[in-house]
Number of protein chains: 2
Amino acid sequence: MHSEVVASRSADQRDSSRESRNGNSPQLDAVSLAIIQQLQEDGRRPYAAIGKAVGLSEAAVRQRVQKLLDQGVMQIVAVTDPLTVGFRRQAMVGINVEGDVESIADALTDMSEVEYVVMTAGSFDILAEIVCEDDDHLLDVINKRIRALPGVRSTESFVYLKLKKQTYMWGTR
Amino acid sequence: MHSEVVASRSADQRDSSRESRNGNSPQLDAVSLAIIQQLQEDGRRPYAAIGKAVGLSEAAVRQRVQKLLDQGVMQIVAVTDPLTVGFRRQAMVGINVEGDVESIADALTDMSEVEYVVMTAGSFDILAEIVCEDDDHLLDVINKRIRALPGVRSTESFVYLKLKKQTYMWGTR
DNA sequence: ACGCGACCTTGCGGATTTCGCAGATCCGAT
DNA sequence: ATCGGATCTGCGAAATCCGCAAGGTCGCGT
């Protein structure tokens, strides 16, 4: 009874201790992946339901989720389109840097208006997404704060006109 | 008694029966805003706790959250760094279009590998974020699928090297 | 071979939370 | 003045969460 799936979570994705986050290597197995998928569909889904879906007991799911949360591998949050929540100006800013890219990225990370920072290959070294209340605010962040950082060679802004898609469903496909 | 906040949720969010998401502004009142903030901190926070924080009964919070969810104003989901979850190649693609920008954006929206689509002002008409398993996959999506769309004049890719920040905390600042 | 640690399972109450529904209220529209 | 819709509050009942305890299994290092 109860057997069903289970899929013998053997000792598969062992080794390969590479790191992806900013330092540690969480190393997820297939079951945790499945749990995350469940929670990507509905962050409030009960543990028992998740357990049934991935072939684990309620208690086990609870422990796994807690650990994933504690490790910072995943977070369960509400997401919205900022435009509907009163932030009327958003922009993606492409930045070119001379010198240490990482330190500039860190400086951007510390700004509360900056939602998203990623280091890239291509004609920009960094892409940063900015969320502001209005034009003045946006202008201020870009010109006074970002361009003022030592090492920033140039920036190019892309003001958001309309958000068309925003998903959190990889793996679900 | 019990007053506290409440802030007289006047008769604002009239209509809104329409598909929010895009062009319009559902107009959230202060209470819904506060609820969203609570859920941005913890997507699983109990309704009673939220109610206490925003000055509403448990049932009222539940109804509001349900409506926000139904309207598509907000979603409660698990988020992770895709790199941690096995998607090893990501990129932002800037796209220039001739003709109807919106229809191209819609086409992008239909691709499962595309996580994020936004229409912008600036030297790109559209920015799209792509999440793939490996280089072949990424190459395939960009060259075979995106560039193949009629109306796409040119694209420029920014392959992600390292994600530095990813937040969901507007309003909480 | 043995012990240890990591992880799962089953089972179990009690505390909490969720959920549905009936009864107020408020407010604008007829 | 009154009707109707939207929203809030107040309940029980059902479901979920949470901690905990007693095993079981597997892989690994000594």
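A note on names: the letters A, B, ... follow the listed sequences, proteins ahead of strands, and every chain is numbered from 1. The structure displayed is predicted, hence computed values, not measured ones. For the numbers below, each heavy atom of this structure counts, side chains included, while hydrogens, waters and symmetry mates do not.
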*Asks:* Just by distance, with hydrogens left out, do A:Gln75 and B:Tyr168 show a side-chain donor and acceptor under 3.5 Å apart?
*Replies:* no
*Asks:* Starting at atom CG of A:Asp29, determine the distance to atom P of C:dA6, rounded to an integer number of angstrom.
*Replies:*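 Checked: the CG to P distance equals 16 Å.
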*Asks:* Counting distance only, does the side-chain N/O of A:Ser32 pair as donor-acceptor with the main-chain N or O of A:Leu28 below 3.5 Å?
*Replies:*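 No: the side chain of A:Ser32 does not pair with the backbone of A:Leu28.
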*Asks:* Using the salt bridge (Lys or Arg N to Asp or Glu O under 4.0 Å) rule, collect all pairs that involve residues 100-111 of chain A, keeping only residues at least two apart or in two chains.
*Replies:* A:Glu102-B:Lys162, A:Glu102-B:Lys164, A:Asp106-B:Lys164
*Asks:* Which heavy atom of A:Met92 sits nearest a heavy atom of B:Met92, and at what distance?
*Replies:*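 Minimum heavy-atom separation between A:Met92 and B:Met92: CE-CE, 3.4 Å.
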*Asks:* Which residues pass the side chain to side chain contact (heavy atoms under 4.5 Å, CB included) test with B:Thr155, not counting sequence neighbours?
*Replies:*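 In terms of side chain to side chain contact (heavy atoms under 4.5 Å, CB included), with neighbours along the sequence ignored, B:Thr155 is linked to B:Val93, B:Ile95, B:Ile142, B:Ile146, B:Arg147, B:Val152.
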*Asks:* What is the distance from CG of A:Leu39 to C1' of D:dT16, rounded to the nearest Å?
*Replies:* 15 Å
*Asks:* Does a side-chain N or O of A:Lys67 approach OP1 or OP2 of C:dA6 to a distance below 4.0 Å, or not?
*Replies:*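 No.
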*Asks:* Write down the distance between CD (A:Gln63) and P (D:dG19), rounded to a whole number of angstrom.
*Replies:*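 Taking atom P of D:dG19 as the reference, CD of A:Gln63 is at 10 Å.
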*Asks:* How would you list, by chain and number, every residue that makes a side chain to side chain contact (heavy atoms under 4.5 Å, CB included) with B:Arg45, sequence neighbours excluded?
*Replies:* B:Gln38, B:Glu41, B:Asp42, B:Ala49, B:Ile50
*Asks:* Identify each donor-acceptor pair in which a side-chain atom of residues 117-126 of chain B lies under 3.5 Å from a protein atom, sequence neighbours left out, and give them as a table.
*Replies:*
{"residue": "B:Thr120", "atom": "OG1", "partner": "B:Phe124", "partner atom": "O", "Å": "2.8"}
{"residue": "B:Ser123", "atom": "OG", "partner": "A:Glu156", "partner atom": "OE2", "Å": "2.4"}
{"residue": "B:Asp125", "atom": "OD2", "partner": "B:Val97", "partner atom": "N", "Å": "2.8"}

*Asks:* Under 3.5 Å, which protein N or O atoms sit close to an N or O of nucleotides 15-19 of chain C? Give each pair with its distance.
*Replies:*
{"residue": "C:dT18", "atom": "OP1", "partner": "A:Arg44", "partner atom": "NH1", "Å": "2.8"}
{"residue": "C:dT18", "atom": "OP2", "partner": "B:Tyr47", "partner atom": "N", "Å": "3.0"}

*Asks:* Do B:Asp135 and B:Arg89 sit within salt-bridge range, that is, some charged N less than 4.0 Å from a carboxylate O?
*Replies:* yes
*Asks:* Can you pull out how bent the helix from C:dA1-D:dT30 to C:dT30-D:dA1 is, comparing the axes over its first five and last five pairs, to 10°?
*Replies:*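 End-to-end axis angle for the helix from C:dA1-D:dT30 to C:dT30-D:dA1: 30°, rounded to 10°.
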*Asks:* Of the options D:dT9, C:dC8, C:dT10, whose atoms approach the side-chain atoms of A:Ala60 most closely?
*Replies:*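 That would be C:dC8.
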